[in-house]
Amino acid sequence: MKKLINHPDYVVQEMIEGMALAHPQIIRKLNDTNILVRTDLNNAKVALVSGGGSGHEPAHGGFVGTGMLDAAVAGEVFTSPTPDQILEAIKAVDRGKGVLLIIKNYSGDVMNFEMAMELAEAEGILVEKVVVDDDVAVKNSTYTVGRRGIAGTIFVHKIAGALAEQGASLDEVKQIADRVILQTKSMGMALSSCIIPAVGKPGFELPEDEMEMGMGIHGEPGIERKKVVSADEVASVLVSHLQKEMPLAANDRVAVMVNGLGATPMMELYIVSRKVSQLLQESKIQVHRTFVGEYMTSLEMAGCSVTFLKLDNVLAELLDQPAQTIAW
Amino acid sequence: MKKLINHPDYVVQEMIEGMALAHPQIIRKLNDTNILVRTDLNNAKVALVSGGGSGHEPAHGGFVGTGMLDAAVAGEVFTSPTPDQILEAIKAVDRGKGVLLIIKNYSGDVMNFEMAMELAEAEGILVEKVVVDDDVAVKNSTYTVGRRGIAGTIFVHKIAGALAEQGASLDEVKQIADRVILQTKSMGMALSSCIIPAVGKPGFELPEDEMEMGMGIHGEPGIERKKVVSADEVASVLVSHLQKEMPLAANDRVAVMVNGLGATPMMELYIVSRKVSQLLQESKIQVHRTFVGEYMTSLEMAGCSVTFLKLDNVLAELLDQPAQTIAW
Amino acid sequence: MIQVEHVVKWIQLTHQKIVATKDKLTELDQAIGDGDHGINLARGLDAAIQNLSPDESKEDLGEVFQKIGMALIAKVGGASGALYGSAFVHMAKVCKGKKLISLAELAQVIEAGAMGIKARGRAEVGDKTMLDIWQPLADYLNEHIEKVSWEKVQQFLFEQMEKTKELVAKKGRAAFLESRSIGHLDPGAVSSTYLFIALCETLDRGE
Amino acid sequence: MIQVEHVVKWIQLTHQKIVATKDKLTELDQAIGDGDHGINLARGLDAAIQNLSPDESKEDLGEVFQKIGMALIAKVGGASGALYGSAFVHMAKVCKGKKLISLAELAQVIEAGAMGIKARGRAEVGDKTMLDIWQPLADYLNEHIEKVSWEKVQQFLFEQMEKTKELVAKKGRAAFLESRSIGHLDPGAVSSTYLFIALCETLDRGE
Ligand SMILES: Nc1ncnc2c1ncn2[C@@H]1O[C@H](COP(=O)(O)OP(=O)(O)O)[C@@H](O)[C@H]1O
Ligand SMILES: Nc1ncnc2c1ncn2[C@@H]1O[C@H](COP(=O)(O)OP(=O)(O)O)[C@@H](O)[C@H]1O
Ligand SMILES: [Mg+2]
Ligand SMILES: [Mg+2]
Ligand SMILES: [Mg+2]
Ligand SMILES: [Mg+2]
């Protein structure tokens, strides 16, 4: 394991310190925590808090700032943050208009955020939550935990953040977040796994000629292991999975995200996004905007995910609002 | 070699197509070339053209747009583009106020851009050039070719681009670019090498416990191979090399870039940037802004570079001007 | 009878076991989860034992369980932090004010822990989670309240643990794998097994 | 006498040799450069031979060299594209309008190519570049104008090529390595050696 770190036990703390030191205009770190909050907390508005395990940078600290999140709580690598930390974040950014928690759908995240929510409510803070479950690689079943939350979460941050910035109520912000969640589907694939610093070995091993379709962003195994195919085929498979779950018709409008998982060169992301663009063009689907880059990573995993967000005028307008964050 | 590509021979073309398809608001591709030009060419102003071998994305196409470059010419992977392509870019963006070529200091780039410059001048176009040589890992000697151009190039794009946008003359834009070059120093290190798609094997092999200091961004060997040390030590070594070449005193003002080479997780970049911030703080050097992320990569190389740009009021003000590009 | 010093020893012994088997837990979690279970628990238990006052005899069982629960909630993170934490907090409630509990009461305490896990995780027995250790153990102790052989309990625990191998995960990260979760032990069930093996060993040495 | 068909054969043969040794050139370039030399040349020479009209007898040597030079400039890229291209364009200039040249004139043509490289690359002999093949070869041919043994020329070329091993690179990417460039052949010198070996073989078969 080769990593530019000092000690596996301090990676999260030092990263958060590094982020706060690098961008004092945008964020600051709450003392003795791994919480980043935006510097401009003057505006009385609904506050947005998200977070989760670390290792997905720039998510979520990179999306804290005007027009997006008010705070991001970072847990240990791939480990949900604890309720006390989440509670502190809630208290730090609540300005009396209520707080929306944006949670990715993992048991750990859901439980810890719910516990924090209970604690905050006990202190008289108005709190709501939404749970993002955009990963279509996982079957949707009411009997189990449902789907995972992956890169589509960033669209929720952006759109809910824009509406909150405009002064909407907690209910309205929660509603729009839920609408985005409903219209957002993602799926990923990996060429290689990633290494949790404290573990020191990869989550799974992939032979030199194989790839993993639909793996999770924590190195969880995927739905299928296949021989490596071309970028065009990868794009086609991912798009067809998304289309199956959220059929898009001619003239439908979407935002597209081709998200790098950490080690994939931008060259490759654009080769994938080229095919995605072409497929959408062929189906006469209107692409409102395409985002290509690293938004929700998995440490040094090689691979990508594709996200479609089906837009209406309201969502499109909010998506286009400016935001001052590190990574949007 | 695992890559998300279709065929090694088409990676550059398909990437450029992908970029143009993804961001039609910002850039378009000139037919039958690998040239990206900005869409808003109305404003009569000095035009900025840069480029070089591919594999350094988002450089340079990611920096085309209002307030930065007017065109970027992409050569094959790690291979300077050819004079005919550069000439086409010059002709596409010249609006009668002259064109500045921003060249990284590699024999191939310098010669091909110079040839294009001669061809353009023969066609009556006013052309000037600047050559970026920020890499302090290489000794500065008038007997040889001098230093390489690496991540600091992006500061040249940004500041010269901002001045050009304000309507400055070709001379003025060239002068400020040269000033930025003089005040910009960078140095990098790698934990792993990268693979040119058409070659299929890494430029150098690094044992599991070694790193390469001062390697080039094309997989060129570095100045020293060492046992892997901590992120803090890496940051200290890089900073001390920069400080030796461009001593900074208390109250000097700098912009800092901690640039990922392709495969390094953002977590690690921020752990490095934390130490860089701390070192500058200790020396009471004012950090105007810190940029952490991927600006000038080397395909899937793991590692980073650190760049210091010494600022005065003029440079700081131009650096802060808005720019509409994919990657700034 | 079980008193505070037993609980302290129990958690110290658990800590030792988890630290010693961290890599194994990691591997189990890598197979059907994300690989952090061992690390998280080791870190959290370390905090829990640091937290226990050296003069624990002043405190009652409720206070001690509460302390352990809060330490786990604040330091483990992930699913198991919330769940183990909730378990101990629920255990604390039924021990409120008590300095001593009987074996029959112990069964109820563990039953309360299982309820905590169920309430927090919305899991049922058979979902391939740590609950598949907690609930059966509570039931077993309730049944054998008259005379317990701690060795037999250990054997029972290992049997329950092995049974998770054949289950399809319905809760937690492993649930995303659906039927591909079959054939793997549930990491949380394994760590819970160690937890209660440590309890058996503690009590075996003398209640 | 040397005429257009010799040049066409020469470049075709060079193309074959470069394609066959692409991996070797890549490895040499990886050692002290960036590893693209073989790929770039193979691509550029491919374009160059495509570009040569099938009915090349209508054209003079100047036109053919110019075509080759332009193809190399437009398709090789990097340092060697500019340099080989400049060499051939300079060679074209001294052949303008000629359908035939003598051996003595060939020496001057190669000399002109060397001047092209010098002018474009600002390199001197001894800088560990392709010039360390071109200039010595031009000198050698000038000296042996009376009677040339193509076999001896080949031997001479290989000797010159080997000599680049001991030089410190002063130009091109390898120059960044300074003294660490010692011990490695210069990739451009090696490809230039192949270029002229192909010339020797072409002319050996019959001027
Ligand atoms: N909803 C749930 N109910 C009961 N137990 C659960 C639930 N979700 C997860 N678990 C338990 O937690 C264990 C995983 O813990 P851990 O790896 O620490 O958390 P995470 O999955 O957040 O990484 C699983 O093996 C399982 O026993
Ligand atoms: N300034 C120069 N003058 C003469 N020859 C040069 C110069 N720079 C580079 N070369 C030659 O070019 C070769 C490298 O070519 P190539 O690998 O295609 O280009 P690049 O270095 O741009 O990748 C070197 O081995 C050397 O022979
Ligand atoms: Mg986890
Ligand atoms: Mg090159
Ligand atoms: Mg886990
Ligand atoms: Mg080269």
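The figures here come from the full heavy-atom set of this structure, side chains too, leaving out hydrogens, waters and symmetry mates. So that the names make sense, note that chain A is the first sequence line, chain B the second, and so on, each numbered from 1.
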Is atom NZ of K9(D) surrounded by more than 12 heavy atoms (other residues, nucleotides or ligands) closer than 6.0 Å?
no
Does K201(B), at its NZ atom, have more than 12 non-hydrogen atoms belonging to other residues, nucleotides or ligands within less than 6.0 Å?
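Buried by this count: over 12 neighbours within 6.0 Å.
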May I ask you to name which of A137(B), G53(B), G200(B), S107(B) has the most heavy-atom pairs under 4.5 Å with chain D?
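Looking at each of A137(B), G53(B), G200(B), S107(B) in turn, S107(B) comes out on top.
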Residue, of D135(B), D109(B), V138(B), V77(B), that accumulates the most heavy atom pairs under 4.5 Å with chain D
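Top option by heavy-atom pairs under 4.5 Å: V138(B).
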Are any non-hydrogen side-chain atoms of M111(B) and S86(D) less than 4.5 angstrom apart?
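A side-chain contact is absent here, since even the closest heavy-atom pair is not under 4.5 Å.
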Is the shortest heavy-atom distance from the side chain of I39(D) to the side chain of V199(B) under 4.5 Å?
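I39(D) vs V199(B): side chains touch.
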Are E76(B) and K75(D) ion-paired here, with the side-chain N under 4.0 Å from a carboxylate O?
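Judged by the 4.0 Å cut-off on N to carboxylate O distance, E76(B) and K75(D) do not form a salt bridge.
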Output the option from D23(D), L83(D), D127(D) having the highest count of non-hydrogen pairs under 4.5 Å with chain B.
L83(D)
Of the listed residues (I73(D), I32(D), T26(D)), which shares the most heavy-atom pairs with chain B below a 4.5 Å separation?
I73(D)
Heavy-atom distances under 4.5 Å only: say whether N105(B) touches chain D with side chain, backbone, both or neither.
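When you check distances to chain D, only backbone atoms of N105(B) fall under 4.5 Å.
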Atom group of F204(B) that falls short of 4.5 Å from chain D, counting heavy atoms
neither
Would you kindly check if the NZ (Lys) or CZ (Arg) of R147(B) is within the cone defined by 45 degrees around the ring axis of F176(D) and under 6.0 Å from the six-membered ring centre?
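Because its charged atom misses either the 6.0 Å distance or the 45° angle limit, R147(B) does not stack over F176(D).
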Looking at G78(D), is its backbone amide N or carbonyl O close enough to the side chain of N112(B) to form a donor-acceptor pair, meaning the two atoms are under 3.5 Å apart?
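Yes; judged by distance alone, with no hydrogens or angles, the pair exists.
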Contact part of A31(D) toward chain B, heavy-atom cut-off under 4.5 Å: side chain, backbone, both or neither?
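Looking at A31(D), just its backbone touches chain B.
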Side chain / backbone / both / neither for R180(D) at chain B, heavy atoms under 4.5 Å
side chain
Value rounded to 0.5 Å, distance of [atom1] in [X] from [atom2] in [Y]:
X	Y	atom1	atom2	result
D9(B)	R43(D)	CG	CZ	8.5 Å
M70(D)	T82(B)	CE	OG1	9.5 Å
L177(D)	K139(B)	CG	NZ	12.0 Å
D36(D)	F78(B)	CG	CZ	9.0 Å

Q30(D) and P202(B): which non-hydrogen atoms are nearest, and at how many Å?
NE2-O, 3.2 Å
